[in-house]
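For the single chain, residues carry numbers from 1 onward in sequence order. Worth saying up front: this structure is predicted, and the values here are computed from it rather than measured.
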Amino acid sequence: MSARLVRAAWASGWSAGCRRGASSFPVPPPGAADVVELLRDATASAEEPWAETARRTPGQCSVLLFPGQGSQAVGMGRGLLGYPRVRELYEAARHVLGYDLLELSLHGPQEDLDRTVHCQPAVFVASLAAVEKLHHLNPAAIENCVAAAGFSVGEFAALVFAGAMEFSEGLYAVKVRAEAMQEASEAIPSGMLSVLGQPQSKFSFACMEAREHCKSLGIENPVCEVSNYLFPDCRVISGHLEALQFLRKNSSKYHFRRTKMLPVSGGFHTRLMEPAVEPLEQVLKAIDIKKPLIAVHSNVSGHRYMNPKHIRKLLGQQVVSPVKWEQTMHAIYERKKGTLFPSTFEVGPGQQLGSILRSCNLKAWKSYSHVDVMQASEDPDPCPPESPR
């Protein structure tokens, strides 16, 4: 399937989602925001026969990575507003969300932007707006895209880009997800602990002893488990705050080199988020999900999605399942020795996914670049660097 069709589906998704008079998903229609012109050029280019496009070598292909919660920062979006259709995108988001996301993204305050209920939609929209910037500066990066992956909430942006969801419905699903996760995180004091370990680190044993410690404090059914697989010997552990405090205090016992509490409100990607599953699943049942036009990899398994039913099932599970990002990187970049790697573009705030890619696959990282959402680029062609910087 032509990657050009991806942008056509994305364009029609934004238009239809913001024009519809009656919607199947449980929210009032986003309104009469005129975003019909969004990516109209892409729709036109999609009419060109795929057979006429020369077969691309691996080195000519591209991969897009969409960041997740934690990458947000006040000012994000400032580097995107000079590009076509970005303001219309934020206007469409305002109709879906009911508040001015662009104002919050540009001016904060940071504590409001950091709230789960706000930062997930903010990262989602900024990432898709960054795709528009990338298309303007380097159209081949979009037309030659063969795969995409997103970290946690970034997976929704990847699916919208791949034509599996309309923009407005994908954003509404993110809105419901974020609100439900915010509510679940406020019910029980919990958090996430980033752990840089060593080959001899005992993550499972450490979590077990942390749970036993919680039980000794009278906590019933304590949670402490790996919630993110980032790169070799690096994990994020989520659970009750008492368990995470225990791990920090006893880090040397488990051969942890460094631990750091993450600035999030809850123990995401564990069963502590079970109350958020049903609201999200109900929305996913109501919206129209299509088969992605390019490979989109699931956080739950690391493998590509196969069909709409598969997407609905795994997106619901993702909230309470660990993010297998390291496994996803291996699935995308595994290749025979001597085969070229695709160009990789991180579209959205921050460069965390690039740092992780460097630790997972240094050769693949050498073809990595980041689409800045903070400052407008004067570089007319943000191609990947020829060598690491």
Trainee: Is there a donor in the side chain of N144 and an acceptor in the side chain of Q60, or the other way round, less than 3.5 Å apart?
Mentor: no

Trainee: Please confirm whether the backbone N or O of D288 pairs with a side-chain atom of E169, one donor and one acceptor, at under 3.5 Å?
Mentor: yes

Trainee: Any chance you could measure Y83, atom OH, to L134, atom CG, to the nearest 0.5 Å?
Mentor: 10.5 Å

Trainee: Is there a side-chain contact between S71 and C119 (heavy atoms, below 4.5 Å)?
Mentor: no

Trainee: Short question: side chain of S201, backbone of H255 - any donor-acceptor pair under 3.5 Å?
Mentor: yes

Trainee: I'd like to know if the side chain of H297 and the backbone of A149 have a donor-acceptor N/O pair within less than 3.5 Å.
Mentor: no

Trainee: Does a donor on one side chain sit under 3.5 Å from an acceptor on the other, for Y90 and S105?
Mentor: no

Trainee: For the backbone of L340 and the side chain of R335, can you confirm whether one donor and one acceptor N or O come within less than 3.5 Å of each other?
Mentor: yes

Trainee: Restricting to non-hydrogen atoms, name the atom on E155 and the atom on N299 that form the minimum distance, rounded to 0.1 Å.
Mentor: OE1-N, 2.7 Å

Trainee: Locate the shortest heavy-atom distance separating Y333 from L65; write the atom from each residue and the value.
Mentor: OH-CD1, 4.2 Å

Trainee: Check for me, please, whether I188 and M192 land in the same ILVMFWY cluster - side-chain distances under 4.5 Å, paths through other members count.
Mentor: yes

Trainee: Between H370 and G350, is there a donor-acceptor pair closer than 3.5 Å when you use the side chain of the first and the backbone of the second?
Mentor: yes

Trainee: So for atom CZ, which belongs to R257, do other residues, nucleotides or ligands contribute more than 12 heavy atoms lying within a distance under 6.0 Å?
Mentor: no

Trainee: Do H269 and S238 have a side chain donor and acceptor closer than 3.5 Å?
Mentor: no

Trainee: Would you check if the side chain of S127 reaches a backbone N or O of V347 as a donor-acceptor pair within less than 3.5 Å?
Mentor: yes

Trainee: In terms of hydrophobic clusters joined by side-chain contacts under 4.5 Å, are L262 and L241 together?
Mentor: no

Trainee: Only counting residues at least two apart or in another chain, list the ones meeting ring pair (Phe, Tyr, Trp, His ring centres under 6.0 Å) with H310.
Mentor: Y305

Trainee: In Å, rounded to the nearest 0.5 Å, how long is the span from CD1 of I219 to CD of E242?
Mentor: 3.5 Å

Trainee: Is the CE atom of M306 crowded by more than 12 outside heavy atoms at less than 6.0 Å?
Mentor: no

Trainee: Any chance CD of E209 has more than 12 other-residue heavy atoms, nucleotides or ligands included, within less than 6.0 Å?
Mentor: yes

Trainee: Would you find more than 12 non-hydrogen atoms of other residues, nucleotides or ligands less than 6.0 Å from E334 atom CD?
Mentor: no

Trainee: Hey, mind stepping through L81 and L106 against side-chain contact (heavy atoms from CB on, under 4.5 Å) and telling me if it holds?
Mentor: CA-CA 11 Å; L81 296 177; L106 291 178; 4.0 Å; yes

Trainee: Check the surroundings of atom CZ in R304: do more than 12 heavy atoms from other residues, nucleotides or ligands lie under 6.0 Å from it?
Mentor: no

Trainee: Within this structure, what is the CG-OG distance for the pair L314 and S298, rounded to the nearest 0.5 Å?
Mentor: 4.5 Å

Trainee: Give the intermediate values and the outcome of side-chain contact (heavy atoms from CB on, under 4.5 Å) for residues L284 and M165.
Mentor: CA-CA 10 Å; L284 293 173; M165 296 180 184; 4.3 Å; yes

Trainee: What distance do H95 atom NE2 and L171 atom CG have between them, rounded to the nearest 0.5 Å?
Mentor: 12.5 Å

Trainee: Are E225 and R235 ion-paired here, with the side-chain N under 4.0 Å from a carboxylate O?
Mentor: no

Trainee: Do Y229 and M273 land in one hydrophobic cluster if side-chain heavy atoms of ILVMFWY residues count as linked below 4.5 Å?
Mentor: no

Trainee: Any side-chain heavy atom of N361 sitting closer than 4.5 Å to one from M329?
Mentor: no

Trainee: Check A157 against L128 and note the closest heavy-atom contact, atom names and distance.
Mentor: O-CD2, 3.5 Å

Trainee: Over all heavy atoms of both residues, which pair between A164 and P292 is shortest? Give the atoms and the distance, please.
Mentor: CB-CG, 4.0 Å

Trainee: Report, as yes or no, whether the 6.0 Å neighbourhood of atom NZ on K290 holds more than 12 heavy atoms from other residues, nucleotides or ligands.
Mentor: yes

Trainee: Kindly check if the number of other-residue, nucleotide or ligand heavy atoms within 6.0 Å of CD (Q110) is above 12?
Mentor: yes

Trainee: Are there over 12 heavy-atom neighbours, none belonging to R87, within less than 6.0 Å of that residue's CZ?
Mentor: no

Trainee: Any side-chain donor-acceptor pair under 3.5 Å between T116 and S265?
Mentor: yes

Trainee: Should L315 and L159 be marked as a side-chain contact (heavy atoms from CB on, under 4.5 Å) after you check the CA-CA gap, both sets of side-chain angles, and the distance that decides it?
Mentor: CA-CA 11 Å; L315 281 182; L159 286 165; 3.8 Å; yes

Trainee: So, do P232 and E326 sit near enough that their side-chain heavy atoms are less than 4.5 Å apart?
Mentor: yes

Trainee: Between K175 and E179, does any side-chain N to carboxylate O distance fall below 4.0 Å?
Mentor: yes

Trainee: Kindly give the heavy-atom pair with the smallest separation between E132 and V86, and that separation in Å.
Mentor: CG-CG2, 3.9 Å

Trainee: Do the side chains of I142 and L64 get nearer than 4.5 Å, heavy atoms only?
Mentor: yes

Trainee: Kindly state whether the ring of F203 and the ring of Y254 have centres lying under 6.0 angstrom apart.
Mentor: no

Trainee: Is there a side-chain contact between L230 and F151 in this structure, where contact means two heavy atoms from C-beta onward sitting under 4.5 Å apart?
Mentor: yes

Trainee: Are V176 and Q282 side-chain neighbours, meaning at least one heavy-atom pair lies under 4.5 Å?
Mentor: no

Trainee: Working to the nearest 0.5 angstrom, can you tell me the gap between Q327 CD and S301 OG?
Mentor: 9.5 Å

Trainee: Are the side chain of R177 and the backbone of L280 linked by a donor-acceptor contact shorter than 3.5 Å?
Mentor: no

Trainee: Taking only residues two or more places apart in sequence or in another chain, which ones pass ring pair (Phe, Tyr, Trp, His ring centres under 6.0 Å) with F205?
Mentor: none

Trainee: List in chain and number order the residues that pass side-chain hydrogen bond (donor to acceptor under 3.5 Å, both in side chains) with E346, two or more places apart in sequence or in another chain; answer none if no residue qualifies.
Mentor: Y368

Trainee: F268 and S227: side-chain contact (heavy atoms from CB on, under 4.5 Å), yes or no, with the steps?
Mentor: CA-CA 7 Å; F268 301 146; S227 58; over 6 Å; no

Trainee: Say whether, by atom type as modelled, one donor and one acceptor occur between the side chain of E183 and the main chain of M181 under 3.5 angstrom.
Mentor: no

Trainee: Is L244 reachable from V223 through a run of I, L, V, M, F, W or Y residues, each pair having side-chain heavy atoms under 4.5 Å apart?
Mentor: no

Trainee: Find out if a path of hydrophobic residues (ILVMFWY) with successive side-chain heavy-atom gaps under 4.5 Å connects V264 to I356.
Mentor: yes

Trainee: Between Q198 and D233, is any pair of side-chain heavy atoms under 4.5 Å apart?
Mentor: no

Trainee: Can you tell me how far the CG atom of L193 sits from the CZ atom of F246, to the nearest 0.5 Å?
Mentor: 12.5 Å

Trainee: Any heavy-atom pair between the side chains of S343 and S369 that's under 4.5 Å?
Mentor: no

Trainee: Restricting to non-hydrogen atoms, name the atom on V300 and the atom on Q317 that form the minimum distance, rounded to 0.1 Å.
Mentor: CG1-OE1, 3.9 Å

